[in-house]
Undergrad: 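Got a structure here, written out as structure tokens. Questions coming.
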Amino acid sequence: MTETLTGAQITIRLLERQGIRIVAGIPGGAILPIYDALSHSSLIRHVLARHEQGAGFMAQGLARVSGVPAVCMASSGPGATNLLTAIADAKLDSIPLVAITGQVPRAMIGTDAFQEVDTYGLSLPITKHNFLVSSVEELLEVIPRAFQIAASGRPGPVLVDIPKDVQAQAIEISAWPAPGLALPAPQADSALIEQAAALINSAERPILYLGGGVVHSGAAAAAIELAEKNSLPTVMTLMALGAMPVDHPLSLGMLGMHGARYTNLLLDECDLLIAVGARFDDRATGKVAAFCPQAKIVHIDIDPAELDKIKTAHIGITADVQEALALLLPAIEKNERKNWVDRNNALKAQLPFEMPDVDNPRSHFGLIRAVSDCLDDDAIITTDVGQHQMWVAQAYPLRRARQWLTSGGLGTMGFGLPAAIGAALAAPQRTVVCFTGDGSIMMNIQELVTACEEQVNIKIVLMDNATLGLVHQQQTLFYGERLFASQFKSSPDFVKIAQGFGMAALDLDRVANPVAALQEAIATPGPCLIHVSIDAEQKVYPMVPPGAANRDMIGA
Amino acid sequence: MNAMNRQEENDLKRTVLEIDITNHPGAMSHVVGLFSRRAFNIEGIHCVPVGDRTNSRIWLLLQADARVPQMIKQLDKLEDVIMIRQHENGHPVFGELLA
């Protein structure tokens, strides 16, 4: 049967066929034909953000929880530029996203038309791939391909810029293309797998180093199996937290700039580093020349460009990490590694990770633990960026892949709230907690009203120290205590702000029993903001000074 | 040859990458963007459409430094790139410019 459909209708139909059920966005002139078509869709629910960056991060929340590409939309010009930060964030953390933007009509491109900006050019370095659609026919190829690219190999964001006249033009459609799905990853080289297994089996002091790729490829169970079979102490990057439960006996928790002292010191001792889906980011490695100086390196990653990029691997394997681990496991010997495991446990006991005041729910660590005590492992935890993010990374008992949503590579303040909304939309049965700071929440605070409109089950735990905490910390430690532009002279009443947006809010500073109040707030369905004042003088410790070797941690 | 001379020789060493790529208005931006955002100077560019003009062939004249292998990997990741060859000893399209 032949149908006559506009480019806008074709776009929406292709999204429906792709299985997309939620899109986040904001309409505007150049994308109105698509919004008109979207209004007729009975399958797709549109979530109206209040800033396009919020829409981008909502789509990220959807994608990070589900593991499949999610969609955000914006109009041309400022709509598109507002999306860019969320797209760049998705690129750095390898999150599959399809961003659809309206563009001025083809005949007006290049004329400095109203709300015209070079979206293609702007998005070029921050997308995995991008398209400027030049005809309505092309949509049939471009939309499925955008999803295929976003999901294949190392995931990432894809932008599709569609001129308004392409959206409006109608053509006859007699057949639809198949939805775009991830292409199979290259097979791991079996000779290299054997060599890697031999290195692991013969190592004296190996450490397993898990990155975000383990989460993306669904390899957490395989990674734990590998660690347990060969008794491999395991470190995780910020992106991989939860891949192995952080309280697993073999877990050394997060490595790097704010890792525990024993974690970084044990990495100094290892003779083999098995990097799986990790990219040797500077926040993880510290000064690269001093990172695992005695270790040979086995590096498994789906992106061949990551092998030998920062550290030369003795064995580099390009493969989907889940598939590679499945091939590797049978070749790995059972080994209890008593000496090495004992050494790990001894150092853990000698230099335990300190959480001062953890029993006080009005302290930063105490608050994080009190929140976690109200929840089980089904909960999803998002954060913003700053001190609170690092404290949660250090202290929250993350035990499940995709439990933890944080802006790692780009470190975008403003990520937490809209990502939590997206997570709650993707998993409405779960409780989503967004830990945020007073600096971060101000960067996307308008999405409080979106959370109310959608009645998502999110709990925003706002750790308010009236400063830009990590800036304050660095100025204190490395800039002679010259605090400048890091202390807010004026702070809003966040409880009233939340209530003004229509959200339930609780000031933990003003309740007699904070634990009971937290429990009640978290157990009550629907959005809620929980405000807690914390001490601005508290630091994230340990800390590796920027550019220093990980062994040269300061504090704690 | 003393160390200084070897250094000077390395400074002058050039390499040519020959890239087959889809022919569309954004393809060249994708290629040169990979270099400019890494502050890697492209010293010469030659580009022509090939066959039925669906594809183009680009030759890039580069300083042969340690970043070239990573650049080849990054180029290989571009959706539009079909094939990459490296000519360590230059390529005739740059003719006497290489001399």
Undergrad: Just to verify, what does A:His216 make a ring pair (Phe, Tyr, Trp, His ring centres under 6.0 Å) with, not counting sequence neighbours?
TA: none
Undergrad: Which atoms of A:Pro304 are under 4.5 Å from chain B, going by heavy atoms: the side chain, the backbone, both sets, or neither?
TA: backbone
Undergrad: In terms of heavy-atom pairs under 4.5 Å, which option from B:Lys77, B:His30, B:Arg67 contacts chain A the most?
TA: B:His30
Undergrad: Report which part of A:Leu307 has an atom under 4.5 Å of a heavy atom belonging to chain B: side chain, backbone, both, or neither.
TA: both
Undergrad: Measuring centre to centre across the rings, with the benzene-like ring taken for any Trp, is A:His314 within less than 6.0 Å of A:His299?
TA: no
Undergrad: With A:Asp308, which residues qualify under side chain to side chain contact (heavy atoms under 4.5 Å, CB included), at least two apart?
TA: A:Thr312, A:Ala313, B:Lys73
Undergrad: Taking all non-hydrogen atoms of both residues into account, name the closest pair between A:Asn130 and A:Tyr120 and its distance.
TA: ND2-O, 2.9 Å
Undergrad: Please flag which part of B:Gln70 lies under 4.5 Å from any non-hydrogen atom of chain A: side chain, backbone, both or neither.
TA: side chain
